[in-house]
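For reference, the structure discussed in these notes is given below.
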Amino acid sequence: MKIDDNIETFNSLIKRRGFIWGPSPEIYGGLAGFYSYGPAGMALKNNILALYRRELRYFGFGEVECPTIMPEIVWRASGHLDRFIDPVIRCKKCSTLYRADKFLQEQCPDLMIDGLSFQKMENLIHDHNLSCPKCETPFNKIEEYNLMLKTQVGNNVTAYLRPETATTTYLLFNRLNQDARRQYPIKIYQIGKAYRNEISPRQGVLRMRAFDQFELQLFIGKQQEMVFEDFEEIKENTLPLLDWKLQAENKDKPEIISLEKAIKTKLLKKPAYAYCLYISYYLTKILGFPEEVIRFRQHSINERAHYADDAWDLEIKTRQFGWVEICGVHDRTNYDLKRHGEFSKQNFEVSMGSDSEIKEIPQILEIAFGIDRIIYTLLETIFNVEEGRINLKLIPILAPNTVAVFPLVKNKENIRNLAVKVHRALLENRINSFFDSAGSIGKRYRRQDELGTKWCITIDYESLDDNTVTIRERDSMDQIRVNISDLAEIIKKKQESKYLHFC
RNA sequence: GCGCUCUUAGUAUAGUGGUUAGAAUCUCGGGUUUCCAACCCGAGGACCCGGGUUCAAUUCCCGGAGGGCGCACCA
């Protein structure tokens, strides 16, 4: 079979090898914006999360998990109820849908539209005799389009599926404050599902209606943001930064700049925020993304979310979709805690240091990853076609199978038996080993290449005499011969040494 | 959500108003094979869903769902 190095080959691989399937439920035709992970995709996802959990212990983060459904008041306080419900107008004739506020602003650039009530916008549309640009028909009344999925709990209590995990983490603030014993900043993360009722989901898993988020929070004092101990350790690292000024000049090449310099030149205001950018870069790099495909892009002022003081997206360059945001780093100020303090009538002014007299509501810095976007962009980035061979260059600890074990030929019973024995022994050592004896040896290698398996172990005639096997490396296809008794240790060692040295 | 367009085995496709719906790859069984998708034998698997027209619909028409592209949307 001819294998082309193109995006179609990649797209079919994702399905064929059981990474991502959908839209689900496929047997009923699918519902747009919902996807399932197959065994390989789920193994990859779990491996990424396991790596992240391990790394975040190193950086001093704790993990929490909150309900995915929260009552209405939470979203009123967070601001999502206002911001996630869009006013839309529908043409009576062609039923084209427009965002009422954006449409008004476009038609009447001089008017101040932001913050107007639905009724006022409706009046304005009427007063200005605005009609559908396509067919000149007048509009219906303004309707609500709710980006949050609404549900009912118990006896008619209105609740919403969370559109982000972050807010649910903030609701734990007084508990976390107690738990942390004034050791600020409090570093906490949450991994879990979030839901958004996208108008028209596209681009596969990049815009799903149910997706996994991985959001890290720093609760931190205003002073501490400016004088931040952890910053000192990482300030010499360089990041590719594309600020909004460069963007305004229509440039898309980021400037490679050290964090120390970025602070000095006021490109970044706060060392603690710079630290967050670094963390997001670190977590991206350790998955095996090459530098060339990573950049940070700063949001312009009107692109920012309602809570943000500064915002940069970590973007990955993809073949299929251009630059894709996989992570947003947001300076949320004390907006969230202030609001939840007001709405819940709690006092979130706390002492963050040794002086009990000094109290303030903590600031929040947030690093928000979309896990499904990480997985898609990673797979696309490391997908390679080399001389007609598909090679998925996953780093070893992320690969669904750590190793695969083959008998060189399948019809020699003693070779096969030894291969099974070797495979079992690896499993005993809790190494994810996969056994395969179907087809030719070459075919089995190729199957594993498509899954990103770094090492294939083959038992041949020589093995029967001297208890050695070959280890074939995925990228070079070179083989080394080792003793069966050393195999598990060798694999474990190889696996560990293959990450942690990217910068 | 609008417009255009598409939807056939796991994957990528050919084709048809009456076909045993074809070839590739794939999967399974068997043979062969001393290391990179080889070969031989055998088997398996598909017309997105609903309605209409018709003696007969996978094929034509309408609607729905889903995908692609453009517009709009994307805290």
Side-chain angles (χ1 to χ4, degrees), chain A residues 1-4 6 8-9 11-18 21-34 38 75 78-86 88-91 93-99 101-103 106 132-135 143 145-148 162-164 166-167 194 196-204 206-209 299 303-308 311 320 325 328 330 332 368 387-391 406-412 415 438-450 456-464 469-470 472 474 477-479 481:
Chain A
M1 184 173 68
K2 193 168 174 289
I3 295 168
D4 294 319
N6 58 28
E8 285 77 22
T9 309
N11 289 338
S12 87
L13 174 79
I14 295 304
K15 287 185 261 187
R16 279 193 297 115
R17 284 297 173 215
W21 293 316
S24 304
E26 288 185 279
I27 61 168
Y28 289 106
L31 191 55
F34 296 93
W75 308 113
S78 72
H80 286 89
L81 210 52
D82 290 336
R83 302 290 176 151
F84 266 57
I85 295 183
D86 292 333
V88 294
I89 38 175
R90 191 184 296 275
C91 171
K93 194 170 152 201
C94 67
S95 37
T96 303
L97 207 63
Y98 299 90
R99 269 279 295 268
D101 49 347
K102 300 226 167 178
F103 178 74
E106 208 178 280
C132 177
K134 277 191 192 165
C135 62
E143 306 164 34
Y145 187 90
N146 196 341
L147 270 316
M148 282 197 291
R162 62 181 179 190
E164 61 165 23
T167 286
R196 286 178 202 179
N197 193 18
E198 299 280 357
I199 293 177
S200 60
R202 293 247 181 110
Q203 306 183 320
L206 294 185
R207 257 176 92 194
M208 290 200 284
R209 285 174 164 148
H299 282 202
E303 196 180 350
R304 275 182 214 155
H306 58 282
Y307 46 69
Q320 193 156 215
E325 173 199 352
H330 305 120
R332 295 179 73 134
E387 292 167 32
R389 175 176 77 114
I390 291 176
N391 185 3
F406 313 137
L408 180 59
V409 291
K410 66 177 166 187
N411 61 350
K412 296 282 181 290
I415 289 188
S440 69
I441 187 76
K443 183 162 228 159
R444 288 178 239 150
Y445 285 141
R446 299 303 167 89
R447 282 196 196 110
Q448 295 307 311
D449 293 342
E450 291 190 345
C456 290
I457 293 155
T458 300
I459 287 74
D460 55 18
Y461 289 88
E462 211 177 317
S463 309
L464 297 173
V469 294
T470 60
R472 175 260 199 188
R474 184 192 62 207
M477 300 193 278
D478 290 343
Q479 295 182 339
R481 189 165 273 279

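Proteins get letters first, then strands, A, B, ... in listed order; numbering begins at 1 in each.
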Any base atoms under 4.0 Å from A:L147, or only sugar-phosphate, or nothing? Heavy atoms, all strands. nothing

Just to be sure I understand the rule, does A:R472 reach a base, reach only the sugar-phosphate, or reach nothing, if contact means heavy atoms closer than 4.0 Å? base

How close or far is atom [atom2] of [N] from atom [atom1] of [X], stated in whole angstroms?
X: A:Q203; N: B:A72; atom1: CD; atom2: P; answer: 14 Å
X: A:E198; N: B:G66; atom1: CD; atom2: C1'; answer: 17 Å
X: A:N411; N: B:G30; atom1: CG; atom2: P; answer: 11 Å
X: A:R207; N: B:G68; atom1: CZ; atom2: P; answer: 11 Å
X: A:R202; N: B:C2; atom1: CZ; atom2: P; answer: 12 Å

[X] side chain near [N] phosphate (N/O to OP1/OP2, under 4.0 Å):
X: A:R444; N: B:A38; answer: no
X: A:T458; N: B:C35; answer: no
X: A:K15; N: B:A12; answer: yes
X: A:K443; N: B:C26; answer: yes

Taking only Lys NZ, Arg NE, NH1 and NH2, and the carboxylate oxygens of Asp or Glu, determine whether A:D449 and A:R472 approach each other closer than 4.0 Å.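 Salt bridge between A:D449 and A:R472, a charged N being under 4.0 Å from a carboxylate O: yes.
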
Lys/Arg-Asp/Glu bridge criterion (N-O < 4.0 Å) met for A:R332, A:E164: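 Looking at A:R332 and A:E164, the cut-off is met.
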
A:A32 vs A:I27, nearer the 5' end of RNA chain B by closest nucleotide: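 Between the two, 5'-proximity favours A:I27.
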
Quick check: on RNA chain B, is the nucleotide nearest A:R481 upstream (toward 5') of the one nearest A:G204, or the reverse? Name the residue that is more 5'.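 Looking at the nearest nucleotide for each, A:R481 comes out on the 5' side.
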
Keeping the roles fixed (side chain from A:W21, backbone from A:K15), state whether a donor-acceptor pair exists under 3.5 Å. yes

In terms of side-chain heavy atoms of A:I390, which of B:A37, B:C35, B:A72 is nearest? B:A37

A:A311 and A:H330: which non-hydrogen atoms are nearest, and at how many Å? CB-CD2, 3.7 Å

Strictly by Watson-Crick or wobble contacts shorter than 3.5 Å, is anything paired with B:C73, and which nucleotide is it?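 Across all strands, not a single nucleotide pairs with B:C73.
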
